[in-house]
Amino acid sequence: MADKVSFIKQVTKALGRTKITRPKDNYDTAIFEDRNLARANAAQAVADANSMAANLIDQMVQSADDAGWKVHRADNYEESAELIVGICKDHNAKSVLRSAHSVLTDIPIDRALAASGTVLEVTEHSSQSSNRHIEKSKAAAFNADVGITGVDYAIAETGTVVLHPRAGVSRLVSLAPPTHIAVLRPGDVLASLDELFAIQRDDFLNGKLQGSMNLISGPSKTADIEGTTVTGIHGPLEVHLIVIENNKY
Amino acid sequence: MKPLTINFRSKAAQTIGDEQVQNSLEHVYTGFYQGRINAAADTPNWEELRTKGKAIKDHTIAHLDHYLDMFSEKVEQSGGTVFFADNAEEARQYITELAKDRDIETVIKSKSMVSEEMSLAENMNDSGFETIETDLGEYIIQLAGETPYHLIAPAVHKSRKDVAELLDKDFEDGDRVPDATELTMLAREQLRDVFARADMSVTGVNFAVAESGSITLVTNEGNGRMSTSVPRIHVAVMGMEKIVPSIQDLSTMLRILIRSATGQRISTYVTMVNGPKTPDEEEGPDEFHVVIMNNGRLKLLKDPLLRESLNCIRCGACLNACPVYRKVGGHAYGWVYPGPIGAIVTPVITGLKDATNLPAASSLCGACHEACPVKINIPRMLLELRHKTAEGLSDPDERTSKFVERAIWKTWRIGMMGRGRFDWGARLAYLFMRPFSINGWIRKAPPPISGWTVSRDFPLIAGRSLKSRLNHRHKKEI
């Protein structure tokens with residue numbers, strides 16, 4: 001069995017050296033960017049997301065559509081609530097799970113769904129941690145009809161919704177139910193993957209990197225049978241993106 | 001996985017003669033190959049991204065010891081466990097022991113070529129753990145008891161009817177063949193139950209980030225996400241070359257990987273795992289293990305002329321571009337990695353002696369080099385391997401060139417060293433070859449050069465050189 005030290009020693013030897021040498025700092029890869037530059041990049045990314053929000057939302061809508069999201073534009077919170085209720089009704093959804101994202105309590109979606117008449121149960125999914133809850137929480141996710149989340153970021157380049165699993169934002173809420181609805185607001189949209197990973201790196205350098213991150217770009221799909229693209233294999237069959245254009249009721 | 005590289009010729013001939021598989025292989029071209037071309041055209045700074053991707057990989061491999069050290073330290077700092085495996089056997093043992101120790105019943109596997117090196121699913125099933133491939137293509141292949149045909153499309157050679165027979169026990173010859181959607185939904189149903197009860201997952205790694213000890217997974221189906229959401233233990237297996245230095249390198253690498261693989265701007269899911277689940281989370285693995293495997297990769301690293309092959313990010317673009325792969329198919333290559341990159345990696349890892357046909361199965365057209373997102377010069381290395389096998393450079397016992405062949409080439413070299421010798425040699429060759437030719441072509445050469453004409457004709461050398469013909473005409477004109 002190889003222990004770490006002897007394994008790495010073999011690698012060093014194969015590279016024709018006798019001990020590990022630190023790389024010189026003149027390469028084009030980001031690891032040699034200093035902390036200040038990473039901070040500046042991240043701050044710029046967040047500033048751009050706000051100052052160019054309208055423009056980025058337009059780009060996002062286009063690329064999300066390309067990626068297979070069903071995109072709905074809502075002028076305000078009230079309109080977004082109507083859209084979400086409409087989607088749940090279309091699917092005859094009885095059980096709806098949602099994340100704890102503030103946009104969903106701002107809408108407020110629970111009240112709108114309760115008034116819909118079809119939805120029997122709206123649950124904020126996985127907000128507390130205890131071993132007793134795990135099996136229950138998994139079963140709830142696999143049995144739910146619709147999962148609703150906000151977004152932690154969105155990416156205009158690729159039509160991507162970014163979610164960091166954490167308390168109140170469970171891993172399965174956007175994955176296990178056959179329909180996923182994501183709701184985004186102005187300021188959520190970053191220009192490209194560069195901005196997202198600049199922010200991640202800054203978070204890392206500040207000791208704030210989240211436990212994990214999911215980039216979601218459209219419905220689950222496969223082309224493993226005769227190269228034919230089929231939507232919906234292990235994840236949601238249908239994904240909706242609700243774009244709230246104004247932070248108002 | 002036991003290498004069967006020695007069967008290259010017979011397997012290739014079998015595939016070329018199989019009309020259905022030839023049709024299926026067309027998808028590789030119409031789907032993936034065209035997809036990549038369109039995606040590259042759609043990306044304004046595509047060449048710049050390729051250059052950057054190459055720089056990132058060149059740099060990482062040149063300092064692999066440093067980054068492996070950093071990566072493993074960071075994984076452990078964030079609560080994960082790292083196991084270094086010298087070979088497939090050790091890696092397999094570690095994972096099996098772990099499953100035993102934690103009373104595991106059901107293991108879900110995401111697509112991972114490294115796990116194919118270990119024949120992991122097969123072995124874990126034999127050890128009594130229900131182990132199920134969850135990538136649809138891999139699931140089909142597992143049901144068929146075969147090995148993957150392509151790096152990213154494992155079941156590309158299977159027809160809908162083949163798949164129906166595998167997925168549906170009641171399917172009989174003559175029944176209506178379900179369409180791709182119906183078949184996919186059938187698999188969805190079968191695998192949902194498996195996901196819900198899985199208590200351990202094994203995934204591959206697309207990129208491992210040294211500075212943060214993170215791993216990233218790229219999938220379209222969502223099985224990678226299931227693997228990191230449902231089971232209590234997540235094991236990620238990787239070849240030791242899979243590292244990038246920094247989180248910020250991911251934006252470049254993900255772009256070139258995905259666009260080169262399927263032509264998508266991004267795959268449906270990209271998951272970044274920075275450790276086991278956090279204390280405030282309900283779902284997610286309590287344990288996160290990373291298995292880093294050598295399994296012959298040191299041989300590639302040691303050789304400065306072959307080291308570049310470790311830059312590979314397993315996108316499959318070279319397979320899709322290769323006119324040979326698209327005819328002989330994935331199984332001809334006889335081990336885990338098919339196609340042009342497989343023709344380099346496979347012989348070095350499993351032994352050149354049985355695999356001499358792999359680097360030879362190329363017209364050196366360069367399409368793979370052109371397609372590679374990190375600009376790996378595959379044709380150069382194929383030539384290098386041909387040189388090595390012919391001369392027995394890595395092992396004198398493996399020298400494949402025969403005495404006669406070497407003598408012919410030595411004579412050729414002498415003949416090419418002066419105009420007079422060349423003319424004399426060409427004349428001699430012409431006189432020697434003429435009796436075997438018909439209308440200027442030799443269809444069947446006599447020994448010892450009969451090998452040349454097995455699959456191609458040889459043109460008869462001209463009776464007079466161009467120079468002498470021109471001289472002659474010149475004189476006439478005056």
Side-chain angles (χ1 to χ4, degrees), chain A residues 1-4 7-8 10-12 14-15 20-23 27-31 63 126 129 133-134 137-138 142 157-158 160 165-167 170-172 175 193-194 197-198 200-201 204 209-228 230 232-235, chain B residues 27 31 52 55-56 59 63-66 68-69 72 84-86 90 136-137 153 155 159-160 163 180-181 183-184 188 191 196 211-212 220-223 225-226 229-230 245-251 254-255 265-266 268-275 277-278 280-284 298 301-302:
Chain A
M1 199 198 87
D3 62 294
K4 174 180 167 175
F7 188 100
I8 292 179
Q10 292 181 72
V11 174
T12 308
L15 287 165
I20 298 177
T21 42
R22 280 187 63 85
Y27 279 88
D28 231 3
T29 52
I31 197 165
S63 30
S126 178
S129 177
H133 280 276
I134 293 175
S137 128
K138 271 187 211 170
F142 274 94
E157 175 194 6
T158 47
T160 301
R166 57 186 181 275
S170 89
R171 297 180 185 222
L172 287 172
L175 179 67
L193 291 170
D194 290 334
F197 286 106
Q200 296 306 308
R201 178 145 204 272
F204 163 70
L209 189 65
Q210 306 258 5
S212 61
M213 175 168 76
N214 283 307
L215 278 59
I216 305 169
S217 314
S220 156
K221 55 179 148 325
T222 181
D224 274 348
I225 300 174
E226 292 195 344
T228 314
V230 176
I233 165 78
H234 303 313
Chain B
H27 299 308
K52 199 168 173 203
I56 290 169
H59 168 77
H63 295 279
L64 192 58
D65 50 351
H66 171 70
L68 280 170
D69 190 40
S72 58
F84 285 92
D86 248 341
E90 279 181 15
L136 178 58
S159 70
R160 269 184 298 134
V163 178
T181 307
L183 289 168
T184 303
R188 176 184 169 99
L191 288 168
E211 68 174 342
S212 59
N220 271 315
E221 300 187 358
N223 52 334
R225 284 191 65 198
M226 286 286 183
S229 302
V230 181
S246 159
I247 293 173
Q248 263 181 282
D249 296 327
L250 289 174
S251 56
L254 286 170
R255 275 190 193 120
R265 241 176 274 167
I266 193 163
T268 304
Y269 302 113
V270 175
T271 301
M272 184 170 175
V273 176
N274 306 322
K277 76 174 186 189
T278 52
D280 59 352
E281 275 189 281
E282 242 177 48
E283 299 157 356
L298 272 179
L301 187 68
K302 236 177 245 167

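So that the names make sense, note that chain A is the first sequence line, chain B the second, and so on, each numbered from 1.
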task = Please check if the side chain of A:Asn214 supplies one atom and the backbone of B:Tyr269 the other of a donor-acceptor pair under 3.5 Å.
result = no

Engaged part of [X] at the chain B interface, taking heavy atoms whose separation is under 4.5 Å:
X: A:Glu157; result: both
X: A:Val230; result: side chain
X: A:Thr160; result: side chain

Which atoms of [X] are under 4.5 Å from chain A, going by heavy atoms: the side chain, the backbone, both sets, or neither?
X: B:Leu191; answer: side chain
X: B:Ala155; answer: both
X: B:Val163; answer: side chain

For chain A, find which of [options] contributes the most heavy-atom pairs closer than 4.5 angstrom.
options: B:Met272, B:Arg225, B:His66; value: B:Arg225
options: B:Val273, B:Leu254, B:Asn223; value: B:Asn223
options: B:Ser159, B:Ala153, B:Gly31; value: B:Ser159

query = Do B:Ser229 and B:Glu283 have side-chain N/O donor and acceptor atoms under 3.5 Å apart?
reply = no

key: No-hydrogen, no-angle side-chain donor-acceptor test under 3.5 Å, A:Arg166 and B:Thr278   = no

request  = Evaluate the side-chain proximity of A:Thr158 to A:Leu215: yes if any heavy-atom separation is below 4.5 Å, no if none is.
outcome  = no

Let's test your reading of the structure: which of [options] forms the most heavy-atom pairs below 4.5 Å with chain B?
options: A:Ser212, A:Pro219, A:Gly235, A:Ser220; answer: A:Ser220
options: A:Thr222, A:Leu15, A:Ile216; answer: A:Leu15
options: A:Thr21, A:Leu172, A:Thr228, A:Leu209; answer: A:Leu172

task = May I ask you to decide whether B:Arg160 forms a salt bridge with A:Glu226, counting only side-chain N to carboxylate O separations under 4.0 Å?
result = yes

ask   = With the threshold set at 4.0 Å, does a side-chain nitrogen-carboxylate oxygen contact exist between B:Asp69 and A:Lys4?
value = yes

task = Over all heavy atoms of both residues, which pair between A:Asp224 and B:Leu136 is shortest? Give the atoms and the distance, please.
result = OD2-C, 3.7 Å

note = The reported gap from OG in A:Ser170 to NZ in A:Lys138 (rounded to nearest 0.5 angstrom) is 12.0 Å

